[in-house]
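Input: a single structure, listed below in C-alpha cells.
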Amino acid sequence: MNESRVAFLADYAEAWNAHDIDRIMAMMTRDCVFLPGGGPEAWGTRIEGAEAVRRRFIEVWTHFPDATWLRASHVAHGDRGFSEWLFTGTDPGGRLVELYGCDLFTFRDDLIATKDTYLKARE
C-alpha cells in the first residue's frame, strides 16, 4: 500500500468536507476526468477538464449545502486508489439523503487524473 497516496486521499476527503474547491482542484490534473454515479451511459456521465469538473463539483454543494462524507477509508497501490464513505446531505426539499459510496481514482504525476464515483441506490 502506498501510504503517501493514502494520506493524499485523506486530505482530498477533508477538502470535500470543507467544500474547498480550490484545494480539491489543486489535487487534480488539468485534463482530469470525473465520472459521476449517474447518467445516461453505462459509465454515468463523462466530465472532462478542470473547469468542467470544477463546475460539476460546485453543483454538489449547491444542491446539498450541508454535504458531508463520513467514515472515509482509503487504499492506494501504484497509480490506483479508492475511498469508501457515507455521504449525508439535505436536498432542496429538506429531505436527508444518506448513501454509501466509493471513488475509484487513477493518479498521474502525483495528482488525480480520474475520479470515478459509485453510489448505493436507495428506494
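Note that this is a predicted model, so its numbers are computed, not measured.
The two residues Val53 and Cys32 have their closest heavy-atom pair at CG2-SG, 3.7 Å. Considering all non-hydrogen atoms of both residues, Pro65 and His19 come closest at O-CE1, 3.2 Å. Minimum heavy-atom separation, Lys115 to Tyr12: CD-OH, 3.3 Å. Considering every non-hydrogen atom in both Ala15 and Ile24, the closest pair reads CB-CG1, 3.6 Å. Shortest non-hydrogen contact noted between Ser83 and His74 is OG-ND1, 2.6 Å. For Ala113 against Arg108, the heavy-atom pair with the smallest separation is CB-NH2, 3.7 Å.
Between Asp22 and Arg54 there is a side-chain heavy-atom pair separated by less than 4.5 Å. His63 has its side chain within reach of Asp91: a pair of non-hydrogen atoms, C-beta onward, lies under 4.5 Å apart. Residues Thr117 and Phe34 form a side-chain contact, since some pair of their non-hydrogen atoms from C-beta on lies under 4.5 Å apart.
Tested against Trp16, the residues Phe87, Trp69, Trp85, Phe64 include a single ring-ring contact (aromatic ring centres under 6.0 Å, His included) partner, Trp69. Just one residue in the list Glu84, Arg71, Lys120 forms a side chain to side chain donor-acceptor pair (under 3.5 Å) with Tyr100, and that residue is Arg71.
Under a 4.0 Å N-O distance rule, the pair Asp116/Arg46 does not qualify as a salt bridge.
Linking Ile, Leu, Val, Met, Phe, Trp and Tyr whenever their side-chain heavy atoms come within less than 4.5 Å puts Met27 and Ile58 in one cluster. No continuous path of hydrophobic side-chain contacts links Met1 to Leu9 [ILVMFWY only; heavy atoms under 4.5 Å]. Linking Ile, Leu, Val, Met, Phe, Trp and Tyr whenever their side-chain heavy atoms come within less than 4.5 Å puts Ile21 and Ile112 in one cluster. Residue Tyr118 is grouped with residue Phe82 when hydrophobic side chains (ILVMFWY) are merged at heavy-atom distances under 4.5 angstrom, including chains of intermediate members.
Here Leu86 contributes atom CG and Leu99 contributes atom CG; the two are 8.0 Å apart, rounded to the nearest 0.5 Å. For the atom pair CE (Met25) and CG (Asp20), the distance works out to 12.0 Å, reported to the nearest 0.5 Å. Atoms CG and CG, from Leu119 and Asp103 in turn, are 8.5 Å apart once rounded to the nearest 0.5 Å. In this structure, CZ in Arg30 is found 6.0 Å from CD in Glu51, a value given to the nearest 0.5 Å. Residue Met28 holds its CE atom at 4.5 Å from CZ of Phe57, rounded to the nearest 0.5 Å. To the nearest 0.5 angstrom, Leu35 atom CG is 8.5 Å from Thr45 atom OG1.
Judged by the 6.0 Å and 45° rule, Arg5 forms a cation-pi pair with Phe107.
Side-chain atoms of Asp109 never come within 3.5 Å of backbone atoms of Leu111 as a donor-acceptor pair (strictly under, hydrogens ignored). With Arg23 contributing its side chain and Asp11 its backbone, the two residues share a donor-acceptor pair below 3.5 Å. At least one donor-acceptor pair closer than 3.5 Å links the side chain of Thr68 to the backbone N or O of Asp66.
Annotation: His77, atom NE2; neighbour count of heavy atoms from other residues, nucleotides and ligands within 6.0 Å does not exceed 12.
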